[in-house]
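Okay, so here's the structure we're looking at.
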Amino acid sequence: MMFSNITDTKISKKIVEIVSGNKNLSIGGGSFCVIAGPCSIENELQFSSTANFVTKNGAQLLRGGVWKPRTSHKSFQGLGSVALELVKKITTETNQGIVSEVMDPRDIEELYPYVSLFQVGSRNMHNYSLLKELAQQDKPVLLKRGFASFVDEWIKSAEYIEQGGKASVILCERGIRTFETVTRNTLDLNSVAFIKHKTHYPIIVDPSHGVGVSLLVPDLALAAAALGADGIMVEVHPNPKEALSDGPQALTFPQFEILMTKINRIIEIVGQK
Ligand code: PEP
Ligand code: MN
C-alpha cells in the first residue's frame, strides 16, 4: 500500500474478546490492556513472583515464553513442554490468562488448553504454514510484526489467520530494523497510528523488543498509551541481570510499578478505561 493511498476515512475496529482467568477482556473496545511477564518462563519462583507482582499492579494478562526463537542455537531455547505445568499452576494461582508464542504448527494443539491468546513471533510472521494452521482453531492470535516487514505484508499475514473464519487477530508492533543501531530496534509508532485509523485490527505495542533497553522502555510504553494503542506488552523480571533471555530490556518490579502509575494517568487523559 502506497502512502499516497491513505485517505481521511477512519475504519471501525473489530473488538477481540479474550478470556483471562475470570475476566473477559475486550481488546479494541476502548479499554487499555496491559500484558506483562517474563520474556521466558525460567523456573517456578521467577515466573510465580513476576506473575503475582504484575497482577497486583494492574496487568490484565500475563506473558511468558515456553518455546523461544533465539538467534543462536546455543542460547536458552525455553523450557518447552516442561513449562506448561507451571503455566497452569501460576495462571490458576493469579486468576490470569496468558499469551505465549507458538513457533511450530505441531505445538498448537499442545499449547491450546493453556493460553488465552496465541503469539506469533516476529520471526514467524511470514511462516504461512503456521498462520494457516492457526486459522483452523478458535483462539485469538497476537501477530507480531516481522522486524523487516512492511505494514502491508503484516496485514496480509493477519488475513491468512482470519480467512479460516474462526480466529481473530490482534496486531503487535514490536519494532523494526532501520539504519539506527543505538537501540535494539526502532519502534515504529507510525504503524500504530496507521493500524488504529485505517484497519479493523486492535493494536498492541511491545516497547521491550521495540527499544531493547529497560531504561527507555517506560517512555515508549507511555508514548504508545498516549497515541491510543489498545494496550502494551512489556517484559518484567525479578532480577534482569540473571535473566536467561532479554535481560537488558526487562523491567524490574519497581520500574513496572512506576510505569503503571503513569500509564493510568495517560489513559485517563486519552479517554480509555
Ligand atoms: C517475545 O515476545 O518474547 C519475542 C520473542 O518477541 P519478537 O518475536 O517480537 O522478537
Ligand atoms: Mn523477549
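We count residues from 1, following the sequence as given.
- Across all their heavy atoms, Lys68 and Arg63 have their closest contact at NZ-NH2, 3.8 Å.
- The backbone N or O of Gly175 sits less than 3.5 Å from a side-chain atom of Glu173, completing a donor-acceptor pair.
- Formation of a donor-acceptor pair under 3.5 Å by the Glu44 side chain with backbone atoms of Lys89 is not found in this model.
- In this structure, Arg123 and Met103 have side chains that are not in contact, with every pair of non-hydrogen atoms separated by 4.5 Å or more.
- In this structure, OG in Ser208 is found 10.0 Å from CG in Leu187, a value given to the nearest 0.5 Å.
- Here CH2 of Trp154 is found 7.5 Å from CG of Leu143. Values are rounded to the nearest 0.5 Å.
- Between Gly146 and Ile176, the closest heavy-atom pair is O-CG2, 4.1 Å.
- Results of the salt bridge (Lys or Arg N to Asp or Glu O under 4.0 Å) test with Asp206 over Lys144, Arg184, Arg174, Arg145 single out Lys144 as the only residue that passes.
- Between Phe194 and Asp188, the closest side-chain pair of non-hydrogen atoms is not below 4.5 Å.
- Under the 4.5 Å side-chain heavy-atom criterion for grouping Ile, Leu, Val, Met, Phe, Trp and Tyr, Ile203 is not connected to Ile15 through any hydrophobic cluster.
- Between Thr55 and Asn52 the shortest side-chain heavy-atom distance does not fall below 4.5 Å.
- The NZ atom of Lys198 sits 7.5 Å away from the CG atom of Asp8 when rounded to the nearest 0.5 Å.
- Under a 3.5 Å cut-off, the side chain of Glu268 and the backbone N or O of Arg265 do not form any donor-acceptor pair.
- To the nearest 0.5 Å, atom CD1 of residue Ile155 and atom OG1 of residue Thr199 are 5.5 Å apart.
- A cation-pi contact, defined as under 6.0 Å to the ring centre and within 45° of the axis, links Lys139 to Tyr112.
- Side chain of Ser245 to main chain of Cys39: no donor-acceptor pair is present (N/O by atom type, distance under 3.5 Å, no hydrogens or angles).
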Applying side-chain contact (heavy atoms from CB on, under 4.5 Å) to Ile269 and Ile266, what does each step give before you reach the verdict?
CA-CA 5 Å; Ile269 293 167; Ile266 302 260; 5.5 Å; no
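- Residue Ile98 is grouped with residue Val120 when hydrophobic side chains (ILVMFWY) are merged at heavy-atom distances under 4.5 angstrom, including chains of intermediate members.
- Proximity of a side-chain donor or acceptor of Thr252 to a complementary backbone N or O of Gln255 within less than 3.5 Å is detected.
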Intermediate values then yes/no, side-chain contact (heavy atoms from CB on, under 4.5 Å), Ile263 and Ile232
CA-CA 10 Å; Ile263 285 271; Ile232 50 164; 3.9 Å; yes
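- Of the inter-residue distances, the one linking His209 atom NE2 with Met233 atom CE reads 7.0 Å to the nearest 0.5 angstrom.
- The closest side-chain heavy-atom distance from Glu257 to Phe53 is below 4.5 Å.
- Between the Lys10 side chain and the His197 main chain, no donor and acceptor come within less than 3.5 Å of each other.
- No donor-acceptor distance shorter than 3.5 angstrom exists from the side chain of Ser48 to the backbone of Leu45, with no hydrogens or angles considered.
- By the 4.5 Å heavy-atom criterion applied to side chains, Gln137 and Lys166 are not counted as neighbours.
- A side-chain donor-acceptor contact under 3.5 Å links Gln46 to the backbone of Ser40.
- Within the 4.5 Å cutoff, side-chain heavy atoms of Asn127 are placed close to those of Ser129.
- Annotation for Phe32 and Ala229: closest pair CD1-O, 3.4 Å, computed over non-hydrogen atoms.
- In this structure, the side chains of Asp230 and Val16 stay at 4.5 Å or more apart for every pair of heavy atoms.
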So Gln119 and Ser100, side-chain hydrogen bond (donor to acceptor under 3.5 Å, both in side chains) or not? Walk me through it.
CA-CA 5 Å; Gln119 178 171 321; Ser100 195; over 6 Å; no
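- Of the possible polar contacts, one joining the Glu42 side chain to the Leu244 backbone as a donor-acceptor pair under 3.5 Å is found.
- Atom CD1 of Ile35 sits about 7.5 Å away from atom SG of Cys172, to the nearest 0.5 Å.
- The shortest heavy-atom contact between Ala250 and Pro240 is O-CG, 3.7 Å.
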Could you give me the CA-CA distance, side-chain angles and deciding distance for Asp246 and Gln249, then say whether side-chain hydrogen bond (donor to acceptor under 3.5 Å, both in side chains) is met?
CA-CA 6 Å; Asp246 285 349; Gln249 68 196 32; 3.1 Å; yes
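- Between Tyr114 and Glu85, some side-chain heavy-atom pair lies under the 4.5 Å cut-off.
- Annotation for Ile11: atom CD1 counts as buried by contact number, over 12 foreign heavy atoms lying within 6.0 Å.
- Scanning all heavy atoms of the two residues, the minimum distance from Phe118 to Val102 falls at CD2-CG1, 3.8 Å.
- Partner Glu101 forms a side chain to side chain contact (heavy atoms under 4.5 Å, CB included) with one of Asn124, Leu142, Val66 and no other, that one being Asn124.
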Determine, step by step, whether Tyr128 and Ser157 satisfy the side-chain contact (heavy atoms from CB on, under 4.5 Å) criterion, reporting the C-alpha distance in whole Å, the side-chain angles of both residues, the deciding distance to 0.1 Å, and the verdict.
CA-CA 8 Å; Tyr128 302 113; Ser157 287; 3.9 Å; yes
Could you walk me through whether Phe256 and Val34 pass the side-chain contact (heavy atoms from CB on, under 4.5 Å) check?
CA-CA 11 Å; Phe256 180 73; Val34 175; 4.2 Å; yes
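- Glu109 places no side-chain N or O within 3.5 Å of a backbone atom of Asp107 that could act as its donor or acceptor partner.
- Counting all heavy atoms, side chain and backbone alike, Val19 lies closest to Gly21 at CG1-O, 3.6 Å.
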